[in-house]
Amino acid sequence: MSDSFDLPSFDLGEPPQPAKPEAYRVLARKYRPQNFAQLIGQDAMVTTLSNAIKRGRLAHAFLLTGVRGVGKTSTARLIAKALNCVGPDGQGGPTIDPCGVCEPCRAIAEGRHIDVIEIDAASNNGVDNVREMTEAVRYAAVSARYKMYIIDEVHMMSKPAFNALLKTLEEPPAHVKFLLATTEVDKVPVTVLSRCQRFDLRRIGADKLATHFAEVCRLEGVEAEPEALALIARAAEGSARDGLSILDQAIAHAGIEGGGVRADTVRDMLGLSDRGATRALFALLLAGDGRGALAALRRQYDLGVDPLAVLRALLEATHGVTLAKLGTPADAAQSAEERAAIADWAETLSFAALHRLWQLLLKGHDEVARAALPIEATEMALLRVIYAASLPDPGQLVRQLSSGDHAAPAAPSAPTPELAAPAAAQGAPVTLDSFDAVLALIDRAQRVGLAEKLRFTARLVRFEPGSIVLSSAKPVPSELVRDLGDALRELTGTVWRVTLEDAPGAPTVREAEAAARADELEAVKRAPVVAAALQAFPDAEITGWDLNKRSEA
């Protein structure tokens with residue numbers, strides 16, 4: 001006899017599993033435009049496409065070009081959705097406002113539609129890849145209205161691959177559309193460009209980017225200072241993708257520091273020069289404080305600011321002052337202090353001084369970009385900006401020579417904010433009464449190239465103060481008239497009229513000097529002692545002489 005027991009079941013099933021966190025999507029992917037209304041700054045292209053769809057005038061190939069991150073690939077996908085959308089009821093046709101809910105719209109947005117083929121030309125740039133594509137082009141779309149080929153970075157295709165694509169690109173089947181995207185349209189053969197409808201996507205303005213980033217921050221529940229968003233928009237340089245990547249980093253940084261996205265943290269993160277520090281350095285340059293300027297530069301350098309970024313900030317400040325002097329509206333991202341400082345500098349500095357300051361800073365920027373010692377090169381560039389004001393300008397030299405004062409001018413204790421603007425900018429015109437005086441002025445201004453052209457090619461027909469007529473009987477450099485007029489206007493403060501006339505004109509300076517030297521040589525040969533020496537030594541040559549010396553015999 002056996003006993004049997006009904007034991008209770010202890011099978012509790014699978015233990016509960018923790019919910020897997022959803023994979024984080026970066027902002028650049030999360031906020032990729034899903035319709036043309038969300039596409040930033042491309043209104044002209046959207047209008048053209050809308051009209052083409054409404055009138056049934058769709059091109060068989062589109063070329064999208066623009067800077068990185070401006071939305072080329074996103075636009076290509078939007079065009080694919082617009083041409084293949086069937087609407088919520090499945091009865092719709094091509095539209096500039098795809099519904100986003102039908103199966104073609106959702107499949108294209110998720111990158112899984114069988115009839116929308118995306119090809120990376122960087123890794124599929126050979127003729128065999130193009131041959132495979134042209135073979136597949138012959139077959140009709142499986143489920144979509146059009147079979148779409150999106151070829152990204154098309155400029156990286158090889159020349160044979162481009163040649164293999166030409167015939168198909170020119171006469172594709174009616175069910176096929178090509179969408180080509182590139183950042184370097186100049187590398188795409190003209191034969192390909194002529195077969196496509198081209199759209200140049202514009203660089204997105206900083207104000208539009210800042211507004212877009214503010215909306216993204218609102219959707220993400222993140223607080224952000226307007227100045228911080230303006231800094232990110234400027235750093236993006238017209239690229240929405242780059243800006244969203246920077247914003248993503250700034251939000252992550254704010255999560256550690258707390259307090260939202262702040263301008264100071266963004267500036268530190270990007271290694272940008274503080275705008276207040278830039279204004280202080282700019283003021284020191286104008287005041288001629290060399291020690292203070294170098295100390296201010298070193299403080300920024302010690303904080304991790306790149307020397308090139310300092311010079312870029314100074315260039316931006318110079319540009320901002322120039323725009324303010326022209327009366328353009330102030331940048332909305334500028335603080336009240338910055339606007340006041342720029343307005344004050346705009347009243348103080350002349351256009352000539354601003355132009356000179358810009359050129360000095362730009363030259364320094366180019367030198368620092370190539371320098372082995374960037375911070376030292378930056379210091380030398382700033383010192384050149386400061387002490388260039390101590391150098392006398394050509395107008396001052398002419399006035400000193402005209403007054404008989406040949407002493408070296410004393411350097412000012414501190415350069416003025418005008419940065420030694422030319423005499424013309426100071427309202428002190430220079431008077432010249434002969435062509436020789438013109439040449440002397442150009443020599444003192446160290447315009448070596450122009451001076452040599454004048455001496456070798458200029459044949460004077462007539463000279464009057466404010467007017468020079470040169471001969472065109474013999475060839476003269478095409479730019480001579482323009483360069484001479486520009487130089488005289490800058491150096492004298494008055495407008496000079498320089499023209500050419502078909503007349504013989506006087507000999508050039510070099511021809512006159514050569515003729516005078518030939519006359520002197522003949523006079524030397526006629527001297528009794530020299531004539532006797534030449535008679536005694538027929539093969540002798542006269543290599544030099546000095547008519548100022550007199551014989552004591």
Side-chain angles (χ1 to χ4, degrees), residues 19-42 64 66-78 100 106 108-112 118 120 122 150 152-153 181 183 201-275 303-306 308-309 312-313 316 331-333:
K20 293 183 178 180
E22 185 179 353
Y24 176 69
R25 296 178 66 198
V26 296
L27 298 182
R29 293 186 59 193
K30 186 176 181 180
Y31 293 98
R32 175 172 280 170
Q34 299 301 314
N35 52 60
F36 284 103
Q38 297 176 1
L39 197 61
I40 308 172
Q42 311 301 337
L64 306 173
V67 299
R68 70 193 186 284
V70 79
K72 298 181 295 296
T73 306
S74 296
T75 301
R77 292 174 182 170
L78 290 179
R106 288 188 288 109
I108 293 172
E110 296 169 5
R112 56 179 176 82
E118 294 194 24
D120 177 20
I150 301 175
D152 200 10
E153 300 300 337
T183 54
L201 275 65
R202 298 180 178 181
R203 189 185 297 269
I204 307 172
D207 54 342
K208 292 184 178 180
L209 284 177
T211 302
H212 178 58
F213 298 156
E215 177 63 15
V216 170
C217 288
R218 185 189 68 80
L219 295 174
E220 292 289 311
V222 176
E223 294 182 1
E225 295 178 355
E227 186 181 355
L229 298 180
L231 288 172
I232 295 174
R234 290 195 191 98
E237 296 182 344
S239 170
R241 183 179 63 225
D242 287 8
L244 287 173
S245 298
I246 298 173
L247 179 60
D248 223 340
Q249 182 180 355
I251 292 175
H253 189 75
I256 299 174
E257 300 292 335
V261 179
R262 301 196 308 270
D264 55 346
T265 56
V266 170
R267 195 173 287 112
D268 292 341
M269 184 183 74
L270 297 177
L272 297 176
S273 175
D274 181 82
R275 299 181 78 84
L303 292 173
V305 180
D306 183 34
L308 270 179
R312 279 197 299 269
E316 289 176 359
D331 188 348

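Bear in mind the structure is a predicted one, so any value in this text is a computation, not a measurement.
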- Query: What's the verdict on side chain to side chain contact (heavy atoms under 4.5 Å, CB included) for Leu201 and Lys72, showing C-alpha distance, side-chain angles and the deciding distance?
  - Reply: CA-CA 7 Å; Leu201 275 65; Lys72 298 181 295 296; 4.2 Å; yes
- Val26/Ser245 under side chain to side chain contact (heavy atoms under 4.5 Å, CB included): CA gap, chis, key distance, verdict: CA-CA 8 Å; Val26 296; Ser245 298; over 6 Å; no
- Task: For the pair Arg234 and Glu316, evaluate salt bridge (Lys or Arg N to Asp or Glu O under 4.0 Å) and give the outcome as yes or no after the intermediate values.
- Result: CA-CA 12 Å; Arg234 290 195 191 98; Glu316 289 176 359; 5.8 Å; no
- Mind running side chain to side chain contact (heavy atoms under 4.5 Å, CB included) on Leu229 and Glu225 for me, showing each step along the way? CA-CA 7 Å; Leu229 298 180; Glu225 295 178 355; over 6 Å; no
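No more than 12 heavy atoms of other residues, nucleotides or ligands sit less than 6.0 Å from atom CZ of Arg29. Counting non-hydrogen atoms of other residues, nucleotides and ligands closer than 6.0 Å to CZ of Arg32 gives a total above 12.
Between Ile150 and Ala76 the shortest heavy-atom distance is CG2-CB, 3.9 Å. Taking each heavy atom of Arg262 and Ala228 in turn, the nearest pair found is C-CB, 3.6 Å. Nearest approach of Gly69 to Ser239, heavy atoms of both residues: CA-OG, 3.2 Å. Nearest approach of Ala250 to Val266, heavy atoms of both residues: CB-CG2, 4.2 Å. Of all heavy-atom pairs spanning Ala235 and Ile246, the tightest one is CB-CD1, 3.9 Å. In plain terms, the two heavy atoms of Val67 and Arg203 that are nearest each other are CG1-NH2, 3.2 Å.
Under the side-chain hydrogen bond (donor to acceptor under 3.5 Å, both in side chains) criterion, Arg77 pairs with Glu118, sequence neighbours left out. By the side chain to side chain contact (heavy atoms under 4.5 Å, CB included) test, Ala122 is found to be paired with Asp120, Met156, residues two or more places apart in sequence or in another chain being considered.
Note that CG of Leu78 and CD1 of Ile108 are 10.0 Å apart. Values are rounded to the nearest 0.5 Å. To the nearest 0.5 Å, atom CG of residue Asp152 and atom OG1 of residue Thr183 are 8.5 Å apart. From Ile204, atom CD1 reaches atom CD of Gln42 across 6.0 Å, with rounding to the nearest 0.5 Å. Note that the OG1 atom of Thr75 and the CG atom of Leu39 stand 4.5 Å from one another [nearest 0.5 Å]. With rounding to the nearest 0.5 angstrom, the CD1 atom of Ile232 is 7.0 Å from the CZ atom of Phe213. Here Ser74 contributes atom OG and Tyr31 contributes atom OH; the two are 15.0 Å apart, rounded to the nearest 0.5 Å.
In this structure a side-chain-to-backbone donor-acceptor pair under 3.5 Å is missing from Glu220 to Val216. With Thr265 contributing its side chain and Val261 its backbone, the two residues share no donor-acceptor pair below 3.5 Å.
Ion pairing of Glu237 with Arg68 is present here, as a side-chain N (NZ or NE/NH1/NH2) and a carboxylate O approach within less than 4.0 Å.
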